[in-house]
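Owing to the predicted nature of the structure, the values given are computational and were not obtained by experimental measurement. Note that ligands are numbered from 1 as they come in the structure, with each ligand's atoms numbered from 1 the same way. Residue indices begin at 1 and follow the sequence shown.
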Amino acid sequence: MDPHRLAELDHRHLWHPFTQHREWFADGEPLIVERAEGNELVDVHGRRYLDGVSSLWTNVHGHRHPDLDRAVREQLDRVAHSTLLGLSHPGAIQLAAELVARAPGEGSLSRVFYSDDGSTAVEIALKMAFQMQQQSGQPRRTRFAALRDAYHGDTLGAVSVGSIDLFHAVYRPLLFDAVALPAPRTPGGVEEEDCLKAGLALLEEHGETLAAFVFEPLVQGAAGMKHHSPAFLERLCDEARRRGLLLVADEVAVGFGRLGTLFAMEQVGVVPDLLCLAKGLAAGYLPLAATLTTERVFEAFVADPAAHKQLFHGHTFTGNPLACAVALESLRLFDRDQVLERVAAVESAFADALDDLAPHPNVVGIRQRGVMVGIDLGREDGSPYPAELRVGHRVAMACRPLGAVVRPLGDTIVLNPPLSFTTQEARRLVAIVAQAVSETCPR
Ligand SMILES: *Cc1c(COP(=O)(O)O)cnc(C)c1O
């Protein structure tokens, strides 16, 4: 179809997620991605863009990877979809065993419950934790603790444990109440110490009524790449566990190598009771999520059918065979191509390039861990821009004609490319952002 006609139909019929459509229409013809190759997207006009946010933090090994493509095609020749309700299939079984073997805890996260996206992985973890406590003689444990500014997805349970008001304030009357433990913006230092003190006090105050502590380990992505130290999280986890809470690690964003280890919790030294995985699980090819848990949690649901103790939850496309096939192949590539070692090289290329960007007068803060980067924009005196100037959005848009797709979170520019990024691509991406900042930022 003619590109302009596509753009016109987009404006007429699509409703885009998280999008103010007045701005969408004002921005003119949308960037319409027709295909992709490796770490680049190609639009309907044949223009190429670095995929600076890995197609919303999902893509791991690059687009149209021959081995991943083949895994999908081979599964397509067997069956595209069956169900895990009352039936099983080889891909779901093999992938579960692989995930258990690789998850933190040396096999102790031994049960895998599939779903389709990050929100459902978290929603399921919340229901598991709550119901486990109810069925283990802990009826008073009906609430959750979570880190402040957390983002755990858009379904109502996930929103209840999240606290990004900009996204979710309007839904407040529909939500259950959660205890928000303060989290720092940067790791270490006085801010983190104060947060820790306040968090420990809140756990002491509310501990007896809490079922679980839910957190994004090390990097709170959607909050604008807020970071805390492994020691901070470890202290909160130890205290929560001591008080009888289950630990829910939401690795939807940070899992699958983004912070340099396959799972972020490997860097924390705590094995969670529940582990939520999605975004990178199927290498950014297909929607797939998993909630892993221990035999201890699982056992609380095993009983006589008449006792009605099973988990009453399941989505139609749970554990889709095409998605499982590509996820299995992705794990194989992690081994074969030593992906985590390459992440270390890309991480240091980013660090060097970001050092050069740091003195820019309109860059007021940079946080990086692995390939996840947040660049805060502001005025030369360090003060923030008024939100209505939409500086983050304008800088992200200015990156496009320069050859990169990035997304802002407010006035923080987020970089989070596929792990297959080369060191040259990392430097090119930062150079593009630097130029866009210079062209766009008001003094
Ligand atoms: C993206 C994200 C989610 C939600 O995942 P969806 O697939 O968008 O539902 C949950 N938790 C974290 C940490 C995320 O980054």
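Per-residue contacts place Glu216 under 4.0 angstrom from the following atoms of ligand 1 (heavy atoms of the residue considered): 13 (C). Listed by atom number, the atoms of ligand 1 under 4.0 Å from Tyr151 heavy atoms are 1 (C), 2 (C), 3 (C), 11 (N), 12 (C), 13 (C), 14 (C). Less than 4.0 angstrom separates some heavy atom of His152 from each of these atoms of ligand 1: 10 (C), 11 (N). Against a heavy-atom cut-off of under 4.0 Å, Gly153 is close to the following atoms of ligand 1: 4 (C), 10 (C). Residue contact check: Asp117 has heavy atoms under 4.0 Å from atoms 7 (O), 9 (O) of ligand 1.
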Practice item. Using the salt bridge (charged side-chain N to carboxylate O under 4.0 Å, His left out) rule, take Arg185 and Asp376 through it: C-alpha gap first, then chi angles, then the decisive distance, then the call. Key: CA-CA 11 Å; Arg185 191 162 180 82; Asp376 299 332; 3.3 Å; yes
Exercise for review: Please assess Glu329 against Leu333 for the test side-chain contact (heavy atoms from CB on, under 4.5 Å), listing each intermediate value before the final yes or no.
Suggested key: CA-CA 6 Å; Glu329 184 63 19; Leu333 293 180; 4.2 Å; yes
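Judged by distance alone, the side chains of Asp250 and Tyr151 never bring a donor and an acceptor atom under 3.5 Å apart.
Checked options Thr58, Asn59, Asp69; the residue passing with Tyr285 is Asp69 (criterion: side-chain hydrogen bond (donor to acceptor under 3.5 Å, both in side chains)).
In this structure, of Ala223, Ser115, Gly118, the residue bringing a heavy atom nearest to atom 6 (P) of ligand 1 is Gly118.
Shown here for Pro321 and Ala80, the closest heavy-atom pair between the two residues is CD-O, 3.5 Å.
Looking at Ser119 against ligand 1, both its backbone and its side chain come within 4.0 Å, counting heavy atoms.
Proximity of the aromatic rings of Tyr114 and His315 is defined here by a centroid distance below 6.0 angstrom, and this criterion is not met.
In this structure, the protein non-hydrogen atom closest to atom 11 (N) of ligand 1 is Asp250 OD2, 2.7 Å. Given atom 1 (C) of ligand 1, the protein heavy atom at minimum distance is Lys279 NZ, 1.5 Å.
Residues Ser55 and Leu41 have side chains in contact (heavy-atom distance under 4.5 Å, counting atoms from C-beta outward).
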